[in-house]
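Notes to accompany the following structure.
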Amino acid sequence: MQGKTVRKEGAPVDGAENVLDPGRRSHGSGHGETPDRAARLGYRPRGEETAKGLLGAGEWSAGRYVAQIAFLVVIVGGATLRNLAAEGYQVPFFMPELHGICPIGAVQSLGRLITDAGYLFDPSRGHLWVLAGVLLVSLLMGAAFCGRLCPLGTVQEWIGKLGRRLLKSRYGRRGRAWRGRAWRGRAWLGRAWLGRAWLGRAWLGRAWLGRSVASRYAGLIRYGAFAFVLAAGAGWIAFELDLINPSVALVHMWTAAVPVTGALVFFGVLGASLVVERPWCRFLCPYGVLQTNAARVSPWTIRRSPAACNGCRECDRRCPLGVAVSRTVAVRDDRCTRCGVCVAACPIPGALSYSAPRGRAPIRSGLVASVAVLVLLVTPIVLASGIGLYGTSPDAQVSAEFDPETISPMMSLEELAAAAGVAELELLALLGLPPDYDTAVYLFDIEEDQEHEHITVGFIRETLSDRLSD
Amino acid sequence: MIVRHQAAVAGAVGALLLLLVAGAPAAACEFVYTLIGPDGEERSIETSNTTTLREGAAYTLRMAYREDHRNCNIGPEDTLYLLDGARWRLERETQPLVLTTEPAWNQPSSRSHVGELQFTAATAGEWSLELIRTCHRDGYAGTLRFVVEEN
Ligand code: SF4
Ligand code: SF4
């Protein structure tokens with residue numbers, strides 16, 4: 001029986017079908033038998049302790065939540081402070097602006113690269129290196145960026161948790177079970193279907209989106225979205241993508257930079273998240289197309305050991321995205337975000353792992369998984385920085401060794417004196433300005449004064465150059 | 001125990017990498033330039049190249065940029081133009097490239113700006129035109145190089 005249900009690695013898995021397959025009931029044991037079997041086999045049941053840990057889901061989830069919260073704070077907090085910088089707010093050094101995090105912006109950059117190869121070598125363009133990091137994560141660890149770092153994914157997931165609490169059966173397990181009955185036609189004639197489905201349960205929840213034909217093929221919409229964003233990035237389609245970008249709306253929500261349409265898309269996604277798990281990720285995200293395709297070959301994925309598995313299907317029940325973990329030996333489902341919920345939920349140690357082929361190099365905790373994702377994400381950025389392809393500011397004003405050519409017109413005399421390592425009075429004398437001249441004046445403003453018309457930025461650069469060469 | 005050890009190492013490595021990335025500044029807004037000659041011919045010009053002009057001829061410089069950071073605090077009108085290090089002033093005959101019309105900007109979409117200015121290549125020689133947008137983020141600084149050839 002077991003052999004019948006184990007699929008080859010990479011074989012398609014349909015979570016909903018699996019969960020509802022009555023034949024599976026005879027496979028292994030029901031949930032109630034799990035502790036007995038585990039005890040007989042001498043395994044320590046972990047389901048209880050993992051489910052009752054921090055935030056209700058154990059260390060696996062805690063390690064993920066920490067990463068999600070931290071990254072959300074870095075991205076949204078950093079953007080907010082940058083937007084407020086004009087009012088004097090400082091942006092802490094640990095809140096860098098990572099443009100390629102945006103699911104539309106990253107694919108847009110890729111489109112731009114098609115028509116402008118030089119884009120890759122422009123140090124002021126960070127998007128592509130962030131995208132490279134996300135792809136590296138996907139190639140090695142699957143779509144773990146979505147599950148651990150993506151801010152848009154995080155807010156959808158949280159709203160989804162709220163939805164589960166509010167809608168209960170319409171969102172959760174019972175909704176899925178009910179959906180199966182309806183689909184099989186048992187309830188077509190009965191009150192159960194007519195009463196519940198039409199009155200909202202089916203149409204509002206995963207019952208509809210998760211089960212219908214629309215759901216099966218809705219993931220393909222992402223490919224359309226991907227092609228559209230790529231074409232807009234390449235300039236083949238004239239469209240302002242910010243108008244529909246929920247990520248911009250999330251990150252810049254409290255500012256005038258967010259178009260009304262973008263805000264509507266964002267709130268639409270949040271609203272849909274109340275009834276469907278990660279609707280943007282599953283049905284629309286163009287970044288997801290890149291990640292899920294790269295994830296198909298990732299060595300680290302969720303792996304099930306058929307020898308240890310007792311067939312309780314707790315993993316299937318716990319998976320928030322409806323992946324049928326118990327029907328595969330290695331999860332390759334596009335929906336899987338490698339959240340590890342199934343691993344944490346499995347009562348049989350060793351039956352499920354987030355590991356390389358043959359269970360090697362298992363990732364044993366949520367925090368380790370999160371940090372591994374972070375390390376892979378930043379690796380291309382760090383390497384590109386090392387060879388000068390990322391992060392070289394185009395208007396570096398003052399180099400460590402003072403170069404007069406880097407003098408910016410927007411520097412004040414005071415700043416110039418400090419940068420050049422000369423006393424203010426000395427600088428004034430050098431430029432032929434009176435000793436009581438206001439050193440807070442910007443360099444380009446000095447020539448505004450008719451008396452000092454000749455003291456242009458060019459003159460200042462030349463004078464300091466001469467002085468240095470003396 | 002293994003988990004704790006793994007987690008501690010992972011935490012330290014993660015923090016270190018975040019610090020490294022944090023040192024990298026953000027992307028700047030980026031200008032695209034087009035030069036329209038006296039015969040109406042358009043050519044794209046880049047900051048890395050030198051552009052040849054004819055002495056006495058009138059040109060239009062088209063500038064386009066996109067607000068990469070969104071919420072730009074400085075408008076396109078606040079772009080600073082320095083010709084050989086001095087402010088490029090309207091009708092200033094003593095400057096080698098004489099600015100004949102002030103830059104006029106329009107906004108084709110929410111974050112894109114396109115502007116045009118006209119000038120005459122008055123004096124033969126090599127000249128540099130700096131365009132600078134300074135803001136608390138990265139701003140922009142680009143230098144166009146022109147060689148004005150004698151007729
Ligand atoms: S992998 Fe674990 S949770 Fe899933 S069916 Fe097997 S024993 Fe149950
Ligand atoms: S299969 Fe496991 S790791 Fe993947 S989404 Fe479901 S619970 Fe998370």
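Because only heavy atoms are used, hydrogens play no part in the values below, and waters and symmetry mates are left out as well, while side chains stay in.
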Which atom of A:P409 lies closest to which atom of B:L82, heavy atoms considered: CG-CD1, 3.5 Å
Short side-chain to backbone donor-acceptor contact, A:E447 and B:A86, under 3.5 Å: no
Side chains of B:L80 and A:M410 in contact at under 4.5 Å (non-hydrogen atoms): yes
Separation of B:R87 CZ from A:D445 CG (nearest 0.5 Å): 5.5 Å
Residue B:E150 excluded, over 12 heavy atoms near CD under 6.0 Å: no
Set of salt bridge (Lys or Arg N to Asp or Glu O under 4.0 Å) partners for A:D449, sequence neighbours left out: none
Residue part contacting chain B, namely of A:E462, when any heavy atom lies under 4.5 Å: neither
A:E448 and B:R89 ion-paired at < 4.0 Å: yes
Contact winner vs chain B - A:L243, A:I455, A:V457, A:I460, heavy-atom pairs under 4.5 Å: A:V457
Contact leader toward chain B among A:H454, A:E453, A:R461, where contacts are heavy-atom pairs under 4.5 Å: A:R461
